[in-house]
A.B. asks: 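Structure in structure tokens, see below.
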Amino acid sequence: MLHPSTHSSTAVNQSPAASTLPSYLQADNLGPWGNYLQQVDRVVPYLGHLAQWAETLRRPKRILIVDVPIHMDDGSIRHFEGYRVQHNTSRGPGKGGVRFHQDVTLSEVMALSAWMSIKNAAVNVPYGGAKGGIRVDPKTLSMGELERMTRRYTSEIGIIIGPTKDIPAPDVNTNEQIMAWMMDTYSMNEGATATGVVTGKPIHLGGSLGRKDATGRGVFTVGVEAAHHIGLEIKGARIAVQGFGNVGGVAGRLFSEAGALVVAVQDHGGTIYKASGLDVPALLKHVAEMGSVAGFAQAEVLPNDQFWDVDCEILIPAALETQITAANAGRIKARMVIEGANGPTTPAADDILQERNILVLPDVIANAGGVTVSYFEWVQDFSSFFWDEDEINARLIKIMKTAFAGIWQVAQEHQVSLRTATFIVGCKRILHARELRGLYP
Ligand code: GLU
């Protein structure tokens, strides 16, 4: 079994390098960004001579904050705050999603962009890392307001995005319609249709087959690989899923098709449970129609906090960051946690899970299937030649399995967690590119 990293107790504010950071980059409880900085501190001892470039990882290359004013349907004017952060572009253009959520902050987008850098390097797609977001609850907007906000945001970040510069994609509360508006807005401003400026587009607009299911399929693929390593049988395994959208819903479906039992699902509508296994197709239909798991008849309702106590072999957090913390990590019954979400586990919780011998498949590999098929979409757009779904899925599975096998080996070699192992692989690739390119001027 893997052992805890010897550097796991390093407090962020004791790191000499981190203390020289500008104040807005410091970790002092900056939530996800603070967690990311701790993850970087843990990997530095394994970087060899590349450690001299490690400060690169602690500073986003470029941060853009934009004002997004729009006319509301009632005639008033509202201003939204938007962000695009390019964390690193050493290995290629920035790449990462755009999130619309009422809790979006700059520091959250910074962390999400940094995790994209590590993720893209870990699966070896030729991208840096970026992320964007608008602080808004999109459910409060009409379709017209949503379109105007998306278009104005795209126009504002248009100065730094582009098919060879930075390529947005869907994330929490954004979808293929929003990608179509982003593509159109950028193209109108450029005077030429540029399908490669965003991925996750509709199929009829340069989108790729298999993209919608890709993140969930990647979660399933690495989950099956890891289960094999720890002798866990998927058939009959009990699974608890947090978030039943594009990631958790697809992963839940694939695991149940493989014979696992999805016993608990939690989303913003509540928590449902069925010891003998939920009817996943019926639940997916219910969520598509009703917007959440609330009101699903064939299950028992649990108080939200009891989700963490559910008897299961596999836990899949597939919602938002900072869900598994020191406060609930001791209660988790699973043998394996597969991070469909970005940043769901804090470093303190990571240590608790590791001490309890619960294997964590970290976000930076577990949910990399989405961006991997985004890469395929971008390649198809550039070549204007489109692949069939079998080819896409086969290539996705091959990339995920190869990346996971390499990371597993690094974890064994250094006796570190899979998160630190993924950071070792990803950070070495990023910093090696940085070193080869050198500093300009
Ligand atoms: N938002 C997804 C992620 O967090 C996908 C990003 C992309 O396809 O560029 O990985």
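Hydrogens, waters and symmetry mates are skipped; everything else that's a heavy atom, side chains included, is used. First listed ligand is number 1; within each ligand, the first listed atom is number 1. As the structure is a computational prediction, the values presented were derived from the model and not from experiment.
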A.B. asks: What is the closest protein heavy atom to atom 5 (C) of ligand 1, and at what distance does it sit?
C.D. replies: Arg211 NH2, 3.6 Å
A.B. asks: Just grab all the side-chain hydrogen bond (donor to acceptor under 3.5 Å, both in side chains) pairs involving residues 426-435, residues at least two apart or on different chains.
C.D. replies: His49-Glu435, Thr56-Arg434
A.B. asks: Using a 4.0 Å cutoff against the non-hydrogen atoms of Met116, which atoms of ligand 1 qualify?
C.D. replies: 3 (C), 4 (O), 6 (C), 10 (O)
A.B. asks: Is ligand 1 less than 4.0 angstrom away from at least one heavy atom of Glu377?
C.D. replies: no
A.B. asks: Determine, for Glu190 against Lys165, whether the closest basic-nitrogen to carboxylate-oxygen distance falls under 4.0 angstrom.
C.D. replies: no
A.B. asks: Could a heavy atom of Pro170 be found less than 4.0 Å from some atom of ligand 1?
C.D. replies: yes
A.B. asks: Hydrogens and angles aside, do Ser374 and Thr199 bring a side-chain donor and acceptor to less than 3.5 Å of each other?
C.D. replies: yes
A.B. asks: Using a 4.0 Å heavy-atom cut-off, say whether Asn342 meets ligand 1 through its side chain, its backbone, both or neither.
C.D. replies: side chain
A.B. asks: So is Arg99 touching ligand 1 or not, going by heavy atoms under 4.0 Å?
C.D. replies: no
A.B. asks: Which residue supplies the protein heavy atom nearest to atom 9 (O) of ligand 1, what is that atom called, and how far is it?
C.D. replies: Lys95 NZ, 2.7 Å
A.B. asks: Looking only at distances, please establish whether an N/O atom of ligand 1 is found under 3.5 Å from an N/O atom of Asn367.
C.D. replies: no
A.B. asks: Salt bridge or not between Asp184 and Arg151? Use side-chain N to carboxylate O under 4.0 Å.
C.D. replies: yes
A.B. asks: Quick one: does Ala169 get an N or O within less than 3.5 Å of an N or O on ligand 1?
C.D. replies: no
A.B. asks: Side chains of Ser113 and Gln86: donor-acceptor distance under 3.5 Å anywhere?
C.D. replies: no
A.B. asks: How about Lys119 and Asn342: does a side-chain donor come under 3.5 Å of a side-chain acceptor?
C.D. replies: yes
A.B. asks: Report, in ascending order of atom number, the atoms of ligand 1 lying under 4.0 Å from any heavy atom of Lys131.
C.D. replies: 1 (N), 3 (C), 4 (O)
A.B. asks: Would His87 and Tyr36 count as a close aromatic pair, with their ring centres under 6.0 Å?
C.D. replies: yes
A.B. asks: Using the ring of each side chain (for Trp, its six-membered ring), is Phe382 parallel, tilted or perpendicular to Trp378, with breaks at 30° and 60°?
C.D. replies: perpendicular
A.B. asks: Can you tell me which residue and heavy atom of the protein come closest to atom 3 (C) of ligand 1, and the distance to 0.1 Å?
C.D. replies: Lys119 NZ, 3.3 Å
A.B. asks: What is the nearest protein non-hydrogen atom to atom 8 (O) of ligand 1, stated with its residue, atom name and distance?
C.D. replies: Ser374 OG, 2.6 Å
